[in-house]
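Here the structure comes first, spelled out in structure tokens, and everything after it is commentary.
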Amino acid sequence: MNISSRFVAKNLARFKLITFDVTDTLLKFSRPPEIQYAIAARQLGCPDVCEKALANCFRSHFKRMARDYPNFGRCSKYDWRWWWRTLVMDIFRDSHGHLDEVMLRRVADQLIEDYKTQDCWTKIEMADGMIALARAQMKQVGIISNFDPRLGCILEAMNIPKADFIVTSYEAGAQKPSCKIFDFALGLCNTQVLPSEALHVGNTPKLDYIGAKQAGWSSILVNVDREVEQGVSFDPEVNPNHVFKNFREFIHVLETVELEW
């Protein structure tokens with residue numbers, strides 16, 4: 001075993017399980033939602049769609065739906081497909097009032113399918129390498145994401161290495177940062193794993209890092225610009241030594257520095 005391998009083994013020795021967030025951790029959108037929405041509308045025969053108008057409406061409607069029907073409508077009388085269809089249709093109604101209801105439904109249903117494909121996603125650099133490193137250290141690997149049931153199809157379409165389990169907030173009935181979703185993940189492990197033996201990797205301070213910590217796990221943040229975040233208002237509960245610009249930096253630290261968890 002070389003020096004770098006010994007450092008990695010020592011840094012990860014306490015963990016039996018390593019889990020990953022998905023959006024902006026393993027994958028990112030290939031283009032902003034307003035552009036993807038406009039592409040779908042144009043393909044279905046609506047050439048005069050304004051991307052700026054869609055962008056101006058997206059955030060407010062997304063917040064409203066998340067507030068009124070949290071977790072993609074999981075605990076309401078509606079399902080996740082209805083949630084996304086309503087969101088898309090409301091965005092287009094607000095930004096392009098001339099489109100009829102039949103067309104709005106077609107666009108929404110098209111986007112629900114499009115976001116299951118490679119066209120809408122890009123793999124984060126070194127995502128495969130980080131999962132491979134976890135596997136090389138004989139760790140169980142899981143996915144924990146605030147997502148709907150399409151996630152498995154998306155990960156397969158993007159050729160993300162197969163995880164031992166995938167937990168979506170919709171399936172678990174709880175969203176990060178709730179401890180319930182992290183506890184749910186432990187229940188899916190092949191062998192017993194204590195919270196202190198689990199490491200979660202994500203990109204959002206509140207949802208990923210603090211959520212995991214409150215569940216008794218260890219956690220690190222990747223794909224985060226420390227200087228930008230600290231300049232805005234970086235959460236004081238986040239250990240700056242657990243924040244990394246990208247997977248390449250995190251792997252380098254694992255191979256060269258003894259981390260304190």
Side-chain angles (χ1 to χ4, degrees), residues 20-66 69 71-74 79-96 99 103-131 143-163 166-171 175-176 201-204 207-208 222-224 246-247:
F20 296 87
D21 172 49
V22 175
T23 305
D24 294 327
T25 299
L26 298 178
L27 302 174
K28 61 182 178 180
F29 293 136
S30 55
R31 55 186 70 88
E34 64 270 18
I35 296 178
Q36 192 68 50
Y37 284 28
I39 289 172
R42 289 167 186 151
Q43 288 176 340
L44 290 171
C46 303
D48 56 340
V49 174
C50 175
E51 294 165 1
K52 184 176 180 180
L54 290 168
N56 289 339
C57 295
F58 184 91
R59 184 179 297 273
S60 62
H61 283 290
F62 191 94
K63 285 184 175 180
R64 174 182 56 80
M65 288 295 292
Y69 304 97
N71 199 7
F72 312 103
R74 173 65 171 77
D79 68 3
W80 65 272
R81 287 183 178 275
W82 173 89
W83 195 97
W84 282 108
R85 187 179 295 121
T86 300
L87 173 66
V88 172
M89 292 177 71
D90 284 351
I91 289 170
F92 274 96
R93 284 191 193 101
D94 198 4
S95 59
H96 298 79
L99 297 179
M103 178 57 71
L104 292 180
R105 174 70 178 251
R106 290 180 63 199
V107 172
D109 287 346
Q110 183 63 54
L111 284 165
I112 288 171
E113 294 303 311
D114 287 346
Y115 272 98
K116 292 164 58 176
T117 70
Q118 290 181 339
D119 183 58
C120 294
W121 300 93
T122 298
K123 194 179 297 186
I124 298 285
E125 183 183 9
M126 293 294 292
D128 287 355
M130 185 62 228
I131 295 175
I143 301 293
I144 303 177
S145 181
N146 288 350
F147 219 101
D148 62 58
R150 290 175 296 177
L151 185 57
C153 294
I154 294 167
L155 294 172
E156 184 176 354
M158 295 303 298
N159 294 313
I160 293 293
K162 188 173 178 61
I166 298 171
V167 175
T168 67
S169 58
Y170 197 86
E171 174 191 16
Q175 291 181 293
K176 295 179 294 182
V201 180
N203 74 296
T204 307
L207 301 184
D208 292 303
V222 294
N223 306 325
V224 175
N246 48 44
F247 280 125

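Being a predicted model, the structure only gives us computed values, none of them experimental.
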Check the pair Phe92 / Met103 against side chain to side chain contact (heavy atoms under 4.5 Å, CB included), numbers first and verdict last.
CA-CA 10 Å; Phe92 274 96; Met103 178 57 71; over 6 Å; no
Any donor-acceptor pair under 3.5 Å from Asn223 side chain to Asp24 backbone:
yes
Residue pair Val107 / Ala41: nearest heavy atoms and the distance that separates them
CG2-CA, 4.0 Å
So, using side-chain hydrogen bond (donor to acceptor under 3.5 Å, both in side chains) as the criterion, who are the partners of Thr25 when residues are at least two apart?
Asp21, Asn203
Ring centroid separation Phe72 to Trp83 under 6.0 Å:
yes
The test is side chain to side chain contact (heavy atoms under 4.5 Å, CB included); show your working for Ile143 and Val167 and say whether it passes.
CA-CA 6 Å; Ile143 301 293; Val167 175; over 6 Å; no
Donor-acceptor contact below 3.5 Å, side chain Asp114 vs main chain Cys120
no
Hey, are the side chains of Lys123 and Asn159 touching, using non-hydrogen atoms and a 4.5 Å cut-off?
yes
Donor-acceptor check, side chain of Lys116 to backbone of Ala157, threshold 3.5 angstrom: yes or no?
no
Distance in Å, Ile39 CD1 paired with Leu44 CG, rounded so as to fall on 0.5 Å steps
12.0 Å
Interatomic distance, NE2@His96 vs SG@Cys57, rounded to 0.5 Å, equals 8.5 Å
Apply side-chain hydrogen bond (donor to acceptor under 3.5 Å, both in side chains) to Glu125 and list each qualifying residue two or more places apart in sequence or on a separate chain.
Arg248
For Asp109, which residues count as a salt bridge (charged side-chain N to carboxylate O under 4.0 Å, His left out) partner, sequence neighbours excluded?
Arg85, Arg105
Within a strict 4.5 Å, meaning less than it, do heavy atoms of the Phe147 and Ile166 side chains meet?
no
Polar side-chain atom of Thr168 near backbone of Pro149 as donor-acceptor pair, under 3.5 Å
no
Quick one: are Asp94 and His61 in side-chain contact, heavy atoms under 4.5 Å?
yes
Considering only heavy atoms from C-beta outward, does the side chain of Leu26 approach that of Met158 to under 4.5 Å?
no
Passes side chain to side chain contact (heavy atoms under 4.5 Å, CB included), Tyr170 versus Asp79? Steps please.
CA-CA 10 Å; Tyr170 197 86; Asp79 68 3; 3.6 Å; yes
Nearest 0.5 Å, what's the CG-CG distance between Leu207 and Asn146?
6.0 Å
So, using side-chain hydrogen bond (donor to acceptor under 3.5 Å, both in side chains) as the criterion, who are the partners of Thr86 when residues are at least two apart?
Trp82
Testing the basics here: between Ala53 and Ser95, what is the closest heavy-atom pair and its distance to 0.1 Å?
O-CB, 3.6 Å
Asp90/Arg64 under side chain to side chain contact (heavy atoms under 4.5 Å, CB included): CA gap, chis, key distance, verdict:
CA-CA 11 Å; Asp90 284 351; Arg64 174 182 56 80; 2.7 Å; yes
With sequence neighbours excluded, tell me which residues meet side-chain hydrogen bond (donor to acceptor under 3.5 Å, both in side chains) with Glu34.
none
In short, Lys176 meets Ile144 closest at the heavy-atom pair NZ-O, 3.2 Å
If I compare all heavy atoms of Ile112 with all of Arg81, which pair ends up nearest, and what's the gap?
CG2-NH1, 3.5 Å
Once you round to the nearest 0.5 Å, how far does CE of Met89 lie from CG of Leu99?
10.5 Å
Distance (rounded to the nearest 0.5 Å) between Glu156 CD and Lys162 NZ
8.0 Å
Check Asp148 with Arg150, please: is the shortest side-chain N to carboxylate O separation under 4.0 Å?
yes
Would one find more than 12 heavy atoms of other residues, nucleotides or ligands at under 6.0 Å from atom NZ of Lys28?
no
Do side-chain atoms of Arg31 reach the backbone of Gln36 as a donor and acceptor pair under 3.5 angstrom?
no
Whether the side chain of Arg42 engages the backbone of Val49 through a donor-acceptor N/O pair (distance < 3.5 Å, no angle test) should be reported.
yes
Nearest heavy-atom neighbours spanning Leu104 and Arg93:
CD1-CG, 3.5 Å
For residues 21-54, which residue pairs qualify under ring pair (Phe, Tyr, Trp, His ring centres under 6.0 Å), counting only residues two or more places apart or in two chains?
Phe29-Tyr115, Phe29-Trp121, Tyr37-Phe58
With rounding to the nearest 0.5 Å, note down the distance linking OG1 in Thr122 to CG in Leu27.
8.5 Å
On a heavy-atom basis, the closest approach of Leu87 and Met65 is CD1-CG, 4.1 Å
